[in-house]
Amino acid sequence: MAKEITSRAENYSEWYNDLVLKGGLADYSAVRGCMVIKPYGYALWENMRDILDKMFKETGHVNAYFPLFVPKSLFEAEEKNAEGFAKECAVVTHYRLKTDPDNKGKLIVDPEAKLEEELVVRPTSEAIIWNTYKKWIQSYRDLPLLINQWANVVRWEMRTRLFLRTAEFLWQEGHTAHATRQEAMEETIRMINLYADFVENYMALPVIKGVKSESERFAGAEDTYTIEAMMQDGKALQSGTSHFLGQNFAKAFDVKFVNKENTEEFVWATSWGVSTRLIGALIMAHSDDDGLVMPPKLAPHQVVIIPFLSKNLEETEVMIDKANDLKKELAKMGIRALVDSDETKRPGFKFAEYELKGIPLRVVIGPRDLANGVVEIARRDTKEKAFFPTDNLPGTIQGLLEDIQQNMFNRAKSFRDSNITKVDDFEVFQKLLDEKPGFILAHWDGTAETEDKIKELTKATIRCIPLDNPQEDGKCILTGKSSKQRVLFARAY
RNA sequence: CGGGAUGUAGUUCAGCCCGGUUAGAAUGCCUGGUUUGGGACCAGGAGGUCGUUGGUUCGAAUCCAGCUAUCCCGACCA
C-alpha cells in the first residue's frame with residue numbers, strides 16, 4: 001500500500017487527517033491554522049457553492065461583496081456581537097513595511113505607518129454590512145433587502161483542524177433586512193430549511209433542525225436556528241446556522257425605514273451561513289477505512305472509466321476509444337466522468353487510488369468482458385462489483401448513481417437514528433456518552449446554569465431544541481425540576 | 001492559551017541519549033527493459049544548507065535557548 005490510511009477504530013482523528021491529506025483535498029500551509037485547499041477539494045467546494053448559490057437565487061437573494069476589513073469603531077457598534085468575536089480577531093495596525101537598517105535583506109513593520117484606527121479582519125460581516133444598509137434603506141419600498149456574499153473570514157482559533165476549524169475559511173453569509181418581525185422570522189426559517197434540504201439531498205446527510213439555547217446562540221442574535229448532523233464517531237457537527245437578529249443591528253447602526261403610515265421604524269434582520277466546514281462533515285459522515293466516499297451529486301468526478309491496456313496496441317486503442325465514447329455519452333446526460341488511460345500505472349494501483357478519492361462508480365473496460373458484451377462496474381459506497389451489459393450503459397450508470405446517493409443517505413440516517421437515545425437518568429446519561437457516542441434526548445430545566453453544569457460534567461452540550469419537538473412532561477436530567485420537552489444533547493466538534 | 005509529543009530526501013522514518021570522515025533506509029521520482037484483470041519486477045540515476053534564528057564548542061542533525069509549524073489531551077469555536 002503506497003498510501004496507508006489510519007483506520008477509524010485505531011484513531012478517528014488521524015483517519016480524518018489521512019483522508020483530507022492523502023485524498024488530495026487540502027494541505028497544510030506555512031500560515032498558522034490556515035490550509036491550502038487543493039484542486040480536488042476546491043472542485044468539491046465549487047459544486048457545493050454552485051448548488052447553494054442557485055438555491056439562494058431561487059429564493060430571491062442576490063450576491064454582493066463587502067470589504068475584508070472592518071474599522072474597529074464599526075465592529076464594536078453592536079456590543080454583544082463585538083464581545084462574542086473580540087477574542088478571536090486578527091487586527092491590522094500598520095500599512096507599510098520597510099527594509100531593516102540593522103539587518104540587510106529583512107523587513108520590519110514601519111513604526112511610522114501606524115493606522116489611525118485599527119482594522120479588524122472580518123470574523124463575520126454584520127458590522128460592515130449594516131453600516132452600508134443604513135445608506136440603502138429609507139422606505140418600506142426598499143425592503144426586503146436580500147443579499148448574500150461568498151467570502152473568506154478569519155477567526156483566530158486556538159486549535160485548528162483541516163476544514164472543521166481553520167483560522168481562515170470560506171463561506172457564504174446572507175444578510176437580510178425586513179419591514180416586520182414576522183417577515184424576518186419567516187426568512188430565518190426559510191433559510192434553515194434550505195440548508196437542511198441541501199445537506200440532506202446533496203450531501204446525503206440527515207440533519208436535525210432546531211433552535212439553539214441561549215448560551216449557544218450567535219452573538220447579537222435573538223434566536224439561532226441550526227442543523228446538526230451526526231458523524232461516525234457519534235459526535236455532532238453544527239452544519240449551518242440561520243439567525244433571527246431582531247432589531248439589534250438596526251438599532252446599533254441606526255437603520256430605520258418609513259412605513260406606509262409615514263412613521264419611522266427600525267428594520268428587522270437575519271443572517272445565515274454555511275462554510276467549508278461542510279466538507280469536513282461530508283468526509284466524516286460517509287468515508288471508510290479505504291478512503292473518501294463522495295455522494296454522487298457533489299463528487300468532482302462521478303465516474304472513473306479505466307480501460308485495460310495491453311501489449312496489443314490495436315486492442316488497447318479500441319479500449320481507450322470505448323472509454324472516451326462512454327465519457328462523451330455520459331457528458332450528454334450531465335454526468336461527470338474521468339477516463340484514466342495512463343499506461344504507466346497498473347490497474348490495481350488505479351483502483352486503490354480512485355477508491356481513496358471516493359469516486360462513486362468505477363467502470364472497467366477490458367477485452368475479455370467486452371467480448372462477452374459486458375463491463376465491470378464497482379460502486380464505492382458498498383464495494384460491490386458486478387457486470388452490466390454494454391447496451392444502454394449511460395442509463396445503467398445514471399441509475400446506479402441515483403441508487404448510491406439514496407443508499408448513502410439511508411445508511412447515514414439509520415446510523416444516526418440508532419444512535420439517538422432517550423435518557424431520564426443522569427448516571428445513564430454520563431455512562432452512555434462515554435460508552436456509546438451519539439445523541440441523547442433528555443429533559444432540561446431551561447436554565448443556562450444547568451446547561452453549563454452538564455457541559456462541565458460530561459462535555460456534552462445542548463445541540464438544539466428540535467423544531468416540532470413533541471411536548472411531554474418530564475424532569476430535568478440534572479436538577480429534577482419540571483420540563484415540558486426533551487432537548488438534544490451531544491458532544492460536538 | 002495550559003499539558004504532552006514531534007519536526008532529518010517528495011513521503012514515512014532511523015541516526016541524537018554518549019558532538020568528530022562523504023547523514024542512511026524504505027517508498028516515491030527520473031532513465032532503460034520486462035510487465036499490465038486489485039497498489040509489478042530488474043538494472044542504473046537524481047534528490048538533504050537535518051524546521052528556523054541564535055548560543056556553547058577546535059568541531060553541532062546530535063548539547064542549550066528563543067521562534068515557528070504539526071499531532072494528541074483540555075479550554076474557545078462554524
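These numbers come from a predicted model, not from an experiment. Proteins get letters first, then strands, A, B, ... in listed order; numbering begins at 1 in each.
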Practice problem: Take atom C1' in B:U52 and the same atom in B:A69, then report the distance between them in whole Å. | Solution: 10 Å
Self-check item: C1' atoms of B:C30 and B:G38, separation to the nearest Å
Solution: 26 Å
Quiz item: Ring centres of A:F429 and A:F489 under 6.0 Å apart?
Solution: yes
Self-check item: Spacing of the P atoms in B:A60 and B:U21 (rounded, Å)
Solution: 12 Å
Self-check item: Donor + acceptor pair across side chains of A:S242, A:T188 (<3.5 Å)
Solution: no
Practice problem: Report the nucleotide, chosen from B:G39, B:U35, B:G37, that has the shortest atom-to-atom distance to any side-chain atom of A:P367. | Solution: B:G37
Quiz item: Closest to the A:F308 side chain: B:G38, B:G37, B:G39?
Solution: B:G37
Quiz item: Ring centroid separation for A:F75 and A:F69, is it under 6.0 angstrom?
Solution: no
Quiz item: B:G47 pairs with which nucleotide, Watson-Crick or G-U wobble, both distances below 3.5 Å?
Solution: none
Quiz prompt | Distance, C1' atom - from B:G51 to B:U68, rounded to whole angstrom | solution = 8 Å
Quiz item: Between A:E355 and A:R362, is there a salt bridge with N-O shorter than 4.0 Å?
Solution: yes
Practice problem: Could you measure between the two P atoms, the one in B:U6 and the one in B:G10, and give it in whole Å? | Solution: 22 Å
Quiz prompt | Span that lies between the C1' atom of B:G47 and that of B:U31, in whole angstrom | solution = 15 Å
Quiz item: Can a side chain N or O of A:K350 be found less than 4.0 Å away from OP1 or OP2 on B:G39?
Solution: no
Quiz item: What integer distance in Å separates A:E384:CD from B:G38:C1'?
Solution: 17 Å
Practice problem: Give the B/S/- string for nucleotides 70-76 of chain B, one per nucleotide from 5' to 3', where a protein heavy atom under 4.0 Å of the base yields B, of only the sugar-phosphate yields S, and otherwise -. | Solution: SSSBBBB
Practice problem: Measure from CD on A:Q238 to C1' on B:C77 and round the result to the nearest Å. | Solution: 9 Å
Quiz prompt | Option from A:V274, A:I189, A:T59, A:V199 for which side-chain contact (heavy atoms from CB on, under 4.5 Å) with A:L194 holds | solution = A:T59
Quiz item: Are A:H175 and A:S271 close enough that a side-chain donor and a side-chain acceptor fall under 3.5 Å?
Solution: no
Under 3.5 Å, side-chain donor or acceptor atoms of residues 43-54 of chain A against the rest of the protein: list the pairs with distances, not counting sequence neighbours.
unit_1	atom_1	unit_2	atom_2	d
A:N47	ND2	A:L298	O	2.9
A:D53	OD1	A:N63	ND2	2.8
A:D53	OD1	A:W150	NE1	2.8
A:D53	OD2	A:K57	NZ	2.5
A:K54	NZ	A:E58	OE2	3.4

Quiz item: Does any N or O donor sit under 3.5 Å from an N or O acceptor when you compare the side chain of A:E376 with the base of B:G37?
Solution: no
Practice problem: Between B:C72 and B:G66, how far apart are the C1' atoms? Round to whole Å, please. | Solution: 24 Å
Practice problem: Starting at atom CE of A:M319, determine the distance to atom C1' of B:U36, rounded to an integer number of angstrom. | Solution: 14 Å
Quiz item: Between A:I365 and A:F85, who's closer to the 5' end of RNA chain B by nearest nucleotide?
Solution: A:I365
Quiz item: In whole angstroms, how far is the C1' atom of B:C77 from the CG atom of A:L237?
Solution: 12 Å
Quiz item: Taking the C1' atom of each, how far is B:G28 from B:U57, in whole Å?
Solution: 39 Å
Exercise. Carefully, step by step, assess A:E353 and A:K350 under the rule salt bridge (Lys or Arg N to Asp or Glu O under 4.0 Å).
Key: CA-CA 5 Å; A:E353 188 66 21; A:K350 294 179 184 177; over 6 Å; no
Quiz item: Is the base of B:G38 touched by the side chain of A:R362 through a donor-acceptor pair closer than 3.5 angstrom?
Solution: yes
Quiz item: Over how many whole Å does the gap from A:I320 atom CD1 to B:U36 atom P extend?
Solution: 16 Å
Quiz item: Is any N or O donor-acceptor pair between the side chain of A:K385 and the base of B:G37 shorter than 3.5 Å?
Solution: no
Self-check item: Atom-pair distance (CG on A:D27; P on B:G10), nearest Å
Solution: 14 Å
Quiz item: Please give, in whole Å, the distance from B:G28 C1' to A:E353 CD?
Solution: 12 Å
Practice problem: State whether a side-chain donor-acceptor pair under 3.5 Å links A:T461 with A:R463. | Solution: yes
Quiz prompt | base_contact_polar (B:G38 base, A:E355 side chain, donor-acceptor, <3.5 Å) | solution = yes
Quiz prompt | Whole-Å distance separating the CG atom of A:N372 from the P atom of B:G37 | solution = 18 Å
